[in-house]
A.B. asks: 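Input: one structure, supplied below.
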There are 2 protein chains.
Amino acid sequence: MERIQHQALADLLKALGEFNRLSLVYELCQCDKPRNAMCLCECCSVDASVASRHLKILAEQGVVQIKKKGRERIYSLNRSEVANQLRSLADQIEGCSPAVSTTTNHRPRKAI
Amino acid sequence: MERIQHQALADLLKALGEFNRLSLVYELCQCDKPRNAMCLCECCSVDASVASRHLKILAEQGVVQIKKKGRERIYSLNRSEVANQLRSLADQIEGCSPAVSTTTNHRPRKAI
DNA sequence: GACAAATTTGCACAAATATGCAAATATAAG
DNA sequence: CTTATATTTGCATATTTGTGCAAATTTGTC
């Protein structure tokens, strides 16, 4: 159970943890409209096939969504889902400070 | 430069995006006291040298802190730093959305 | 100084990964 | 039907990565 979740999270982080894939995410982040692969592959100056493969990996991890439109694929970010997973991990990491019960579901204040 | 920041973030995510390394992080997360490598390497059943290398990678990315104590190295999580970086990315990803919500725990997003 | 314990490093190796090119596929347009 | 465009897939390849074992290193204990 826990292992599977950890593996899934590791897969997500690994998907995001590659420069060109993260660049694709940032590119999708900046443009307000969804984009196709030809447009996206320019941001990291790689072959279209490479961008296609990267976007597939991101889609497998739920980072992006794919919509078929004619001969194009329109990609868009699964914004809240990804953000929530990242925040969940952040909460777990930050919430582990000494004297915090393991089952409490409270959100610790951002420490600054 | 933006590229460098993106690369650094990708490196952090890559460091976290490996099962055994993430297990080490979770292990450090659960135990209230800092731990040495011998203790930590049990959680992912790998050789001590492997755990040492993984912890080194985590340290290079600022995920963990190392303190020398005798012949041991005591590892502890850089909790708020890592959490803040993850939340920063989450904010960037979610902040590019026209309307943000769908979360039970709503966190005011950073300025865009 | 001799020995034990914790950690790092060198080495080897298998597996995974990122990449580009060319071919195949899908679909729109003429 | 033919052509053009967007994407995927097959193949080859160079690089990275995770791993274990043994040796080296560091440091505490006797």
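In what follows, every heavy atom counts, from backbone to side chain, and hydrogens, waters and symmetry copies are set aside. Small disclaimer: the values here were computed from a predicted structure and weren't measured. Chain naming here is simple, since letters A, B, ... match the order of the sequence lines and numbering starts at 1 in each.
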A.B. asks: Tell me: CD1 of B:I74 to P of D:dT26, nearest whole Å?
C.D. replies: 19 Å

A.B. asks: Rounded to whole Å, how long is the line connecting atom CD of A:Q61 with atom C1' of C:dT17?
C.D. replies: 15 Å

A.B. asks: Output all residues satisfying side chain to side chain contact (heavy atoms under 4.5 Å, CB included) with A:Q65, sequence neighbours left out; order by chain, then residue number.
C.D. replies: A:S76, A:N78

A.B. asks: List the atom pairs, with distances to 0.1 Å, where a side-chain N or O of residues 20-27 of chain A and a protein N or O form a donor-acceptor pair under 3.5 Å, not counting sequence neighbours.
C.D. replies:
from: A:R21; atom 1: NE; to: A:A15; atom 2: O; distance (Å): 2.7
from: A:R21; atom 1: NH1; to: A:H54; atom 2: ND1; distance (Å): 3.1
from: A:R21; atom 1: NH2; to: A:K14; atom 2: O; distance (Å): 3.4
from: A:S23; atom 1: OG; to: A:F19; atom 2: O; distance (Å): 2.8

A.B. asks: Show each protein N/O and nucleotides 25-30 of chain C N/O combination with a separation under 3.5 Å, one pair to a line.
C.D. replies:
from: C:dT27; atom 1: OP1; to: A:K68; atom 2: NZ; distance (Å): 3.2

A.B. asks: Please report the distance, rounded to the nearest Å, between CD in A:E60 and P in C:dT17.
C.D. replies: 11 Å

A.B. asks: B:E72: which residues meet the side chain to side chain contact (heavy atoms under 4.5 Å, CB included) condition with it, sequence neighbours left out?
C.D. replies: B:N36, B:I74

A.B. asks: Measure the distance from CG on A:D11 to P on C:dA16 and round it to the nearest whole Å.
C.D. replies: 13 Å

A.B. asks: A:S52: which residues meet the side-chain hydrogen bond (donor to acceptor under 3.5 Å, both in side chains) condition with it, sequence neighbours left out?
C.D. replies: none

A.B. asks: Please list each protein N or O that sits under 3.5 Å from an N or O in nucleotides 15-20 of chain D, with the distance.
C.D. replies:
from: D:dG18; atom 1: OP1; to: B:R21; atom 2: NH1; distance (Å): 3.4
from: D:dG18; atom 1: OP1; to: B:R21; atom 2: NH2; distance (Å): 2.8
from: D:dG18; atom 1: OP2; to: B:R21; atom 2: NH1; distance (Å): 3.3
from: D:dT19; atom 1: OP1; to: B:N20; atom 2: ND2; distance (Å): 2.5
from: D:dT19; atom 1: OP2; to: B:N20; atom 2: ND2; distance (Å): 3.4
from: D:dT19; atom 1: OP2; to: B:H54; atom 2: NE2; distance (Å): 2.5
from: D:dG20; atom 1: OP2; to: B:D47; atom 2: N; distance (Å): 3.0
from: D:dG20; atom 1: O6; to: B:R53; atom 2: NH2; distance (Å): 2.7

A.B. asks: What pairs with A:E60 under side-chain hydrogen bond (donor to acceptor under 3.5 Å, both in side chains), at least two apart in sequence or on another chain?
C.D. replies: none

A.B. asks: Check side-chain hydrogen bond (donor to acceptor under 3.5 Å, both in side chains) between A:Q7 and all other residues, then give those that pass, not counting sequence neighbours.
C.D. replies: A:D11

A.B. asks: Using whole Å, report how far CG of A:L13 lies from C1' of C:dT17.
C.D. replies: 17 Å

A.B. asks: Give me each pair satisfying side-chain hydrogen bond (donor to acceptor under 3.5 Å, both in side chains) with a member in residues 38-50 of chain B, each pair once, sequence neighbours excluded.
C.D. replies: B:D47-B:S49

A.B. asks: Go through it in stages, so that I can follow the logic: the residues are B:L13 and B:L86, the test is side-chain contact (heavy atoms from CB on, under 4.5 Å), and I'd like the CA-CA distance, side-chain angles, deciding distance and then a yes or no.
C.D. replies: CA-CA 9 Å; B:L13 294 170; B:L86 292 172; 4.1 Å; yes

